[in-house]
Amino acid sequence: MKTFRFLLFRLLQAIPLVIGVVCINFVIIQMAPGDAVEVLAGEAGTASAEYMADLRARFGLDKPAWQQLLAMLMRVAQFDLGYSFRHNLPVADLILSRLPATLLLMGTAITAAFVTGTALGIVAARRVNSPIDAGISIVALLAYATPVFWIGLMLIVQFSVVLGWLPSGGMMTITQSLSGMDAVVDVLRHLVLPATTLSLFFMAVYCRLMRASMLETIKQDYVTAARARGISDFRVLLRHAARNALLPLVTVVGLHVGGLLGGSVLVETVFSWPGLGRLAFESVFQRDYNLLLGILLVSSLLVIAINIVIDLLYARLDQRIKFN
């Protein structure tokens, strides 16, 4: 019951947050020049003023901004994200078609970053001030400081152009009709480079944070007491020190979900990955603001949901935390 009340409370908290997200995004987008009608007219080559006015009236763009915002809030309350003028499809259908690709990329990247960063952080803390610690710190610093798009381009040059081991873009090979395990392997081959590119920055952050947290944790009295009882050093590190050292790391993972979504825009564009990030990038240039607002709303909901899961996981790792 306490967990249920906690979830209900967090969901109620999310309602004004979602309204605020919609309003802020709407205001920012309204400040941008141009609209979908100008893009459609430009693609047509010629368009009369009457035709453009008719399009704006059809799309509801001729109304005052406050009426457009009110209409959008009413649609959101009815779980309706509106219509994409550019794609001539409901926004919800477009987002649902691209969401699995983004979740696959984000899930793979954050898992790889968390596992690799945690392992490297433990090794660096175990071998503090050694050549191994120095080498891990240098690798983490380079991964942290290097721009994401440059890493992606260099990986394409090395592993796709020079070595020819992995595909340079897309989510699957469109020239072949694959099914079953062959299709899964094909998607995984396309996933390696974008997931690696997206995960390196976060891996560096988790590595440094885990190292610092482990160095602080192994000085605690309960770790000293465990060693005094004759428990092996390996077991002390994993079962006693690492579990408590993970607590700040888990918190940071929840905060990085938004950064992952932002980074996926660059990564999906570089690797032609058919996800929400690339769709958002295209909607900006096409002035498809209904689609862009829908993507931003879904991204906000995704961040909220993942942070709720992180809170539940945090309570699982630290038994001292109780839901009121």
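Since the structure is predicted, the reported quantities are computational estimates derived from the model, not experimental observations.
- A distance of 4.0 Å separates CG in L17 from CD1 in I304, rounded to the nearest 0.5 Å.
- Counting only heavy atoms from C-beta outward, the side chains of I156 and V270 approach each other to under 4.5 Å.
- In this structure, CZ in F271 is found 11.0 Å from CG in L266, a value given to the nearest 0.5 Å.
- Contacts classified as ring-ring contact (aromatic ring centres under 6.0 Å, His included) and involving residues 131-158 (residues at least two apart or in different chains) are given here: Y144-F201.
- Using a 4.5 Å heavy-atom threshold, the side chains of C207 and I136 count as touching.
- Taking both residues in full, the closest heavy atoms of A109 and A195 are given as CB-O, 3.8 Å, listed atom of the first, atom of the second, then distance.
- In this structure, the side chain of S199 engages the main chain of T196 through a donor-acceptor pair within 3.5 Å.
- Put simply, V139 and I132 are part of two different groups of oily side chains (I, L, V, M, F, W, Y) that touch within less than 4.5 Å, one to the next.
- The shortest distance between side-chain heavy atoms of P194 and E268 does not fall below 4.5 Å.
- Side chains of R211 and R208 form a contact here, defined as non-hydrogen atoms less than 4.5 Å apart.
- Every side-chain contact (heavy atoms from CB on, under 4.5 Å) that I138 has, sequence neighbours left out, goes to L142.
- By the 4.5 Å heavy-atom criterion applied to side chains, T108 and L105 are not counted as neighbours.
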Review point. Given V303 and I306, is the side chain to side chain contact (heavy atoms under 4.5 Å, CB included) satisfied, shown in steps?
Key: CA-CA 5 Å; V303 171; I306 292 180; over 6 Å; no

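- Counting only distance, with no hydrogens or angles, the side chain of T197 and the backbone of I151 share no donor-acceptor pair below 3.5 Å.
- Listed for the S283 side chain is a donor-acceptor partner under 3.5 Å among the backbone atoms of A280.
- Within the structure, the ring-ring contact (aromatic ring centres under 6.0 Å, His included) test picks out no pair touching residues 101-137 (sequence neighbours left out).
- Judged by distance alone, with hydrogens and angles left aside, the side-chain atoms of T118 form no donor-acceptor pair with the main-chain N or O of V115 at under 3.5 Å.
- Heavy-atom minimum distance, N129 versus D133: N-OD2, 2.9 Å.
- Between R98 atom CZ and L279 atom CG the span is 4.5 Å, to the nearest 0.5 Å.
- The closest side-chain heavy-atom distance from H190 to W273 is below 4.5 Å.
- In the hydrophobic clustering of this structure, W165 groups with L188; members are Ile, Leu, Val, Met, Phe, Trp, Tyr whose side-chain heavy atoms approach within less than 4.5 Å, directly or through other members.
- The local environment of CD in Q158 is crowded, with over 12 non-hydrogen atoms from other residues, nucleotides or ligands closer than 6.0 Å.
- V187 and V185 fall within a single hydrophobic cluster, where Ile, Leu, Val, Met, Phe, Trp and Tyr are joined by side-chain heavy atoms under 4.5 Å apart, directly or via other members.
- Residues T116 and Y206 have side chains not in contact (no heavy-atom distance under 4.5 Å, counting atoms from C-beta outward).
- T269 places no side-chain N or O within donor-acceptor distance of the main-chain N or O of R278, the cut-off being under 3.5 Å.
- For the atom pair CG (L153) and OG (S160), the distance works out to 11.0 Å, reported to the nearest 0.5 Å.
- Looking only at side-chain heavy atoms (C-beta outward), V91 and L293 stay at 4.5 Å or farther from each other.
- L141 and V128 are members of different hydrophobic clusters when ILVMFWY side chains are connected at heavy-atom separations under 4.5 Å.
- Hydrophobic clustering of Ile, Leu, Val, Met, Phe, Trp and Tyr side chains at less than 4.5 Å, counting indirect connections, unites L103 with L297.
- Remark: S97 OG to L89 CG distance equals 8.5 Å, nearest 0.5 Å.
- In this structure, CG in L104 is found 5.0 Å from CG in L191, a value given to the nearest 0.5 Å.
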